[in-house]
Amino acid sequence: MTLIMGVVNVTPDSFSDGGRYFSHDTAIEHALELRREGADLIDVGGESTRPGAELVDPAEEQRRVLPVIETLAAEGVPVSVDTMHAATAAASVEVGAEIINDVSGGLVDPDMPRVAAESGRDFVAMHWRGYLTDPHERVHYDDVLSDVHGELARRLDALTLAGIAPERLIVDPGLGFSKNPEHNWAIIAHLDRFAALADRMLVGASRKRFLSTVSPVGAQPPERDPATAAISLLCAQSGIWAVRVHNVRGTRIALNVLDAVDAHRDTP
Ligand code: PMM
């Protein structure tokens with residue numbers, strides 16, 4: 001059964017929820033609501049990865065995320081921390097984070113692979129090619145499937161060499177990061193190829209810009225939730241470990257549909 005990771009951005013500038021969850025109390029409230037709606041895990045982030053977003057000092061990032069992680073963990077909520085900073089990852093693990101989710105796959109902070117290895121926690125290694133300042137910048141691939149696959153395979157090797165146990169590694173193809181819509185759709189069409197890279201794969205399509213190619217003209221991020229739920233269903237059909245989404249309710253319903261149908265697969 002595919003798990004649902006609900007997103008809680010404790011940032012004033014997240015592109016997809018407009019920074020609505022900036023304060024500690026609203027972040028907790030929102031996380032608990034996502035849990036009630038069916039989230040298995042909560043991903044807490046304090047730095048927007050939006051192209052052109054301001055980089056956040058790790059101390060400020062920790063000021064945002066640590067109290068939220070600590071409260072959620074104390075409530076028994078499985079939490080991942082979305083950070084590229086080793087110090088934030090280490091501090092988050094101290095207060096109860098079970099998963100380190102690094103969109104740079106350990107490339108931004110040279111200490112991250114060691115800290116992740118020493119923490120003994122799960123580590124999400126996403127495909128990442130660096131910061132893009134122009135959201136419309138096109139990134140060149142000779143063949144997006146084999147290039148992304150090869151780059152991810154090399155990253156996973158490096159992380160294993162740094163001491164992270166292979167069974168702790170969760171691979172993520174990094175939808176929307178240095179990829180145009182066709183790149184993203186091609187990856188979604190071949191999820192199985194990427195899933196074979198590790199025991200577990202996480203997919204984050206939620207509300208991303210490429211979903212506007214299948215949504216009503218001018219659709220704002222929350223209006224991309226139906227497309228997100230459809231992709232969650234495709235992921236579940238491919239046996240993906242987890243999907244990272246803002247709107248848990250829609251994805252829960254999509255996965256319920258699959259469950260209901262699966263229950264009848266063996267009946268004549
Ligand atoms: N996308 C965002 C942030 N963190 N983490 C993983 N593992 N995979 C993703 O695709 C991913 C991520 C970008 O979006 P947000 O600002 O909507 O949270």
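Just so you know, these numbers use all the heavy atoms, side chains as well, and skip hydrogens, waters and symmetry mates. Position 1 is the first residue of the sequence, and the numbers go up from there. Both ligands and their constituent atoms are indexed starting at 1 by order of listing.
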With sequence neighbours excluded, what pairs up with Trp241 under the ring-ring contact (aromatic ring centres under 6.0 Å, His included) test?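 Testing Trp241 for ring-ring contact (aromatic ring centres under 6.0 Å, His included), a comparison that skips the adjacent residues, returns none.
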Counting from 1, what ligand 1 atoms have a heavy atom of [X] closer than 4.0 Å?
X: Leu202; answer: 7 (N)
X: Asn101; answer: 5 (N), 6 (C), 7 (N)
X: Val103; answer: 4 (N), 5 (N), 12 (C)
X: Val124; answer: 7 (N)
X: His246; answer: 15 (P), 17 (O), 18 (O)
X: Met126; answer: 6 (C), 8 (N), 9 (C), 10 (O)

Looking at [X] and [Y], does any basic side-chain N land under 4.0 Å from a carboxylate oxygen?
X: Glu151; Y: Arg129; result: yes
X: Asp40; Y: Arg35; result: no
X: Asp262; Y: Arg265; result: yes
X: Arg249; Y: Asp225; result: no

Taking heavy atoms and a distance under 4.0 Å, where does Val203 meet ligand 1: side chain, backbone, both or neither?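 Contact part for Val203 vs ligand 1: neither.
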Is it the side chain (CB and beyond), the backbone, both or neither of Asp43 that lies under 4.0 Å from ligand 1, heavy atoms counted?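 Answer for Asp43: neither.
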Work out whether the distance between some heavy atom of Arg207 and some atom of ligand 1 is less than 4.0 Å.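 Flag not set, Arg207 not near ligand 1.
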Assert yes or no for the condition that the ring centre distance of His127 to Phe177 is strictly below 6.0 Å.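 No: the rings miss the under 6.0 Å criterion.
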For ligand 1 and Asp172, I'd like to know whether there is a polar contact (N/O to N/O, distance under 3.5 Å).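 N/O-N/O distance below 3.5 Å exists for this pair.
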Between Asp82 and ligand 1, is there a nitrogen or oxygen pair with a distance under 3.5 Å?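 N/O-N/O distance below 3.5 Å exists for this pair.
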Checking His85 now: which residues fulfil side-chain hydrogen bond (donor to acceptor under 3.5 Å, both in side chains) with it, not counting sequence neighbours? Glu61
What distance do Ile4 atom CD1 and Thr251 atom OG1 have between them, rounded to the nearest 0.5 Å?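 One finds 5.5 Å between CD1 of Ile4 and OG1 of Thr251.
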